[in-house]
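What follows is a set of notes on a single structure, which appears directly below.
The figures that follow rest on heavy atoms only: side chains count, while hydrogens, waters and symmetry mates do not.
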Amino acid sequence: MIEININHIVKNYGFKNILDDLQLEIMTGERVAFIGPNGCGKTTLFKLIAGEETPDAGSIFLRSGASLGYLTQIPPLENKDCIVKDILMRNFKEIFEVEKKMRELETKLIDEKSLMSYGKLLEQYEKMGGYKIDEKMSKICHGFKIGGLLDRNYNTLSGGEKTIVNLASLMILNPDILLLDEPTNHLDIDTLEWFENFLKSYKGTILISSHDRYFLDKVATKVVLIDHGKEDIYCGNYTYYLKESERRDLAEFEEYKNQQKQIEAMKETIKKLREWGNRGDNPRFFKRAHCIERRLEKMEILKKPEKKKSLPLDFEFLERSGKDVLTVDDLTISFGDRELLSHVNFHLQYGEKVCLMGKNGTGKSTLIKAIINEEEHIILGSHVIIGYIPQEIHFNNEKETVLEVARHVFSGTETLLRASLAKFFFYGENIMKKVESLSGGEKVRLKLFELIQKKANILILDEPTNHIDIDTKEVLEEALKEYQGTLLFVSHDRYFINTLAERVLNIENKSIVSYLGNYDFYKEHRKE
């Protein structure tokens, strides 16, 4: 059964079509992942499906009677007295109204008519799941680990906590169609794994926009790439999309090359026929040449396949560090009265690529900052030059323009600087933007530009894949794989960890446990 019919949609925001004749059918029970570069129109499409915006052309139809739940990237505002429990319990508003009517009737069960009315309400209450409210609440609160937040004021929560609460609220609602726009932001790995299993067993239809490739591999049954306003459909998960996309690209390029050869051959034949016609004064040659020309004019000329634009990430360094890069010796870290890490010891050697993992709030970023500040019990090796990207990206002066920030770290002429920034997609008016107005992805690109200029021999990256699209992640991965220095990074991106990590340091019970492998190795041995 068709759950959503998207029919030749066009959406324009004044300068170009974000969506341009996009058409798609989504069947009941499908789990569809929408991917594409930032700004390609994924969120716009979700808003159109949810009815928050209307298309400039085309139409969208949902199955009659289908209920829809929408998780937005930016959590909505609530009134100042709203607590987390209110957010969750309002999903049962209709059930509570039926229950209230039942309680009122319980005092008036005096005749057959009132008994019949009570019986109907009881049947309705049971059908709506009234007896399963506590079970539902318990399952969702346990899965999303929000039991301790229930009495907290919603507006005092962090952005991540708000996202998790709204996600939990949607799961309680159990709609026929789920629209999830970046649902994995702010979820730790344990919660992610629980959520993946939950979605795989979900009975409804799910539409997901996400940059989390591991998540998409586990959950998606279909991938839709949105590029230049149009759809490209792949009937499988993310790994299938990668293989099939490469096959299609190669086939498309071969088709283009073959057509170009055919066109050249036809032009050469036309030229020869005209020469022969002129020599022999024979109109038949001109007639044949004209026929081939007409065929050429009617031919649909294929466009040359475009190469993906990519960042020129090349992390070089001037000199290598000593063999012993970092030693953490009997380190204890507290935050206020709370002890995060207790008597921790670990060691990094030159050239290692190590991922620091742990649940949210266990002290990963705090430990990274302690290393950057070279606090007591932390020993850096000889000739160590650190390059650092924090989780929350800031610049020394947020009022400066992109060009001014870049000028502080770049040694070269103004012309070379502008050319280098253009490779990072900062050109034209963009270089005069104040950094405070940049998007998350733009700030990451500018910070990567800064990092490359530093020529560091150890890179310390705290959640480096936040705010960047899949294409940029893959470019960053390739650059870091080629990097000859030492890499220490914090990440919840399991695909990224699998690609890069040779060792995992996991924070467990205030200590650090070392696993000599990537994420899949860590996951398997943690079970053991």
(Q) Strictly below 4.0 Å, N to O, side chains only: are Glu404 and Arg407 in salt-bridge contact? (A) no

Scanning both residues in full, the closest heavy-atom pair of Thr28 with Arg63 reads OG1-NE, 4.5 Å

Checking Asp493 side chain against Tyr495 main chain: does a donor-acceptor pair fall under 3.5 Å? yes

### Query
Any cation-pi pair here, Lys11 with Tyr13, using under 6.0 Å and within 45°?
yes

Looking at Glu442 and Ser439, would you say the former's side chain and the latter's main chain have a donor-acceptor pair under 3.5 Å?
yes

- With side chains defined as the heavy atoms from C-beta onward, is the minimum distance between Glu264 and Gln262 less than 4.5 Å? no

Measure the shortest side-chain to side-chain distance between Leu88 and Ile140 over non-hydrogen atoms and say whether it is less than 4.5 angstrom.
no

Q) Do we see a donor-acceptor contact under 3.5 Å between the side chains of Asp212 and His492? A) no

Identify whether the distance between the nearest side-chain nitrogen and carboxylate oxygen of Lys243 and Glu246 falls below 4.0 Å.
no

Quick check against the 3.5 Å criterion: does Ser437 have a side-chain atom that pairs as donor or acceptor with the backbone of Lys433?
no

Taking every heavy atom of Leu216 against every heavy atom of Ala33, the minimum-distance pair comes out as CD2-CB, 3.6 Å

Donor-acceptor pair between Asp181 and Thr72 side chains, under 3.5 angstrom
no

query = Do Met432 and Val402 come within less than 4.5 Å of each other through their side chains, counting heavy atoms only?
reply = no

Q. In terms of side-chain heavy atoms, does Ser365 have a donor or acceptor partner in Gln391 at a distance below 3.5 Å?
A. yes

Looking at Ser59, is its backbone amide N or carbonyl O close enough to the side chain of Asn7 to form a donor-acceptor pair, meaning the two atoms are under 3.5 Å apart? no

Walk me through it: do Tyr238 and Phe215 pass the test side-chain contact (heavy atoms from CB on, under 4.5 Å)?
CA-CA 9 Å; Tyr238 182 76; Phe215 176 76; over 6 Å; no

Closest non-hydrogen contact found for Phe195 with Pro183 is CE2-CB, 4.0 Å

- Steps toward ring pair (Phe, Tyr, Trp, His ring centres under 6.0 Å) verdict (Tyr519, Tyr214): CA-CA 11 Å; Tyr519 172 76; Tyr214 201 99; 5.6 Å; yes

Using a cut-off of 6.0 Å, state whether more than 12 heavy atoms not belonging to His228 lie near its atom NE2. no

Would you say that Tyr388 contacts Ile368 through its side chain, given a criterion of any heavy-atom pair below 4.5 Å between the two side chains?
yes

Is atom NZ of Lys218 surrounded by more than 12 heavy atoms (other residues, nucleotides or ligands) closer than 6.0 Å? no

**Asked** Considering only heavy atoms from C-beta outward, does the side chain of Arg213 approach that of Lys473 to under 4.5 Å?
**Response** yes

For the side chain of Ser169 and the backbone of Val165, is there at least one donor-acceptor N/O pair under 3.5 Å apart?
no

In this structure, CG of Leu24 is separated from NZ of Lys230 (nearest 0.5 Å) by 14.0 Å

Q: May I ask you to decide if Lys80's main-chain N or O and Asn153's side chain share a donor-acceptor pair within less than 3.5 Å?
A: yes

Asp176 side chain vs Ser67 backbone, donor-acceptor pair below 3.5 Å
yes

Here the ring-ring contact (aromatic ring centres under 6.0 Å, His included) pairs for residues 45-67, sequence neighbours left out, are Phe34-Phe46

Given the rule in the side-chain contact (heavy atoms from CB on, under 4.5 Å) test, do Ile49 and Ile4 qualify, once you have shown the distances and angles that lead to the verdict?
CA-CA 8 Å; Ile49 294 170; Ile4 305 172; 4.2 Å; yes

For Asn237 and Ala220 the tightest heavy-atom approach is CB-O, 3.6 Å

Do the side chain of Arg503 and the main chain of Gly517 share a donor and acceptor less than 3.5 angstrom apart?
no

- For the pair Glu252 and Lys304, find out whether any cationic side-chain nitrogen is under 4.0 Å from an anionic carboxylate oxygen. no

How about Leu149 and Ile146: do any of their side-chain heavy atoms sit closer than 4.5 Å? yes

Heavy-atom nearest pair, Asn506 first then Gly358, reads OD1-N, 3.5 Å

ask   = Does a salt bridge link Glu255 with Arg248, judged by any charged N lying under 4.0 Å from a carboxylate O?
value = no

Any non-hydrogen side-chain atom of Cys82 less than 4.5 Å from a side-chain atom of Ile87?
yes

Taken in chain and number order and not counting sequence neighbours, the residues that satisfy ring-ring contact (aromatic ring centres under 6.0 Å, His included) with Tyr234 are Tyr241

Taking the side chain as everything from C-beta on, heavy atoms only, tell me whether Arg418 gets closer than 4.5 Å to Leu421.
no

Taking only Lys NZ, Arg NE, NH1 and NH2, and the carboxylate oxygens of Asp or Glu, determine whether Glu398 and Lys434 approach each other closer than 4.0 Å. no

Between Gly351 and Glu502 the two heavy atoms that sit nearest each other are O-OE1, 4.1 Å

Original post:
Just wondering, more than 12 heavy atoms not from Glu414 lying within 6.0 Å of its CD?
Top reply: yes

With Leu178 as partner, the option from Leu71, Leu173, Ile206, Leu207 fulfilling side-chain contact (heavy atoms from CB on, under 4.5 Å) is Ile206

**Request:** Without swapping roles, check the side chain of Lys364 against the backbone of Lys359 for a donor-acceptor pair under 3.5 Å.
**Result:** yes

task: Using a cut-off of 6.0 Å, state whether more than 12 heavy atoms not belonging to Lys369 lie near its atom NZ.
output: no

Pair Arg494 + Asp520: basic N to acidic O under 4.0 Å: no

- prompt: Between Asp56 and Asn12, do the side chains contain an N or O donor and an N or O acceptor separated by less than 3.5 Å?
  reply: no

Should we say atom NZ of Lys85 is surrounded by more than 12 heavy atoms from elsewhere, each under 6.0 Å from it? no

Carboxylate-amine/guanidinium proximity below 4.0 Å for Arg445 and Glu450: no

- [ ] Show the numbers, then the answer: is there a side-chain contact (heavy atoms from CB on, under 4.5 Å) between Ile431 and Thr401?
- [x] CA-CA 7 Å; Ile431 65 170; Thr401 64; over 6 Å; no

Open item on the list: Around atom CG of Asn373, are there more than 12 heavy atoms from other residues, nucleotides or ligands closer than 6.0 Å?
Closed with: yes

Only one of Phe425, Phe395, Phe426, Phe424 passes ring pair (Phe, Tyr, Trp, His ring centres under 6.0 Å) with Phe449, and that residue is Phe424

- prompt: Does the pair Lys145 and Asp190 meet the rule for a side-chain contact (heavy atoms from CB on, under 4.5 Å), with working shown?
  reply: CA-CA 10 Å; Lys145 302 180 180 67; Asp190 287 348; 3.9 Å; yes

- Item | Lys200, NZ: over 12 other non-hydrogen atoms inside 6.0 angstrom | yes

Review point. Going by distance alone, is a donor N or O of one side chain under 3.5 Å from an acceptor N or O of the other, for Tyr154 and Asp81?
Key: no

Taken to the nearest 0.5 Å, the spacing of His8 NE2 from Leu19 CG works out to 14.0 Å

- Donor-acceptor pair, Glu231 side chain versus Gln23 backbone, under 3.5 Å? yes

Do His211 and Asp469 meet the criterion of a side-chain donor-acceptor pair at a distance under 3.5 Å? no

Which of Leu505, Thr362, Ile497 passes side-chain contact (heavy atoms from CB on, under 4.5 Å) with Met357? Answer is Ile497

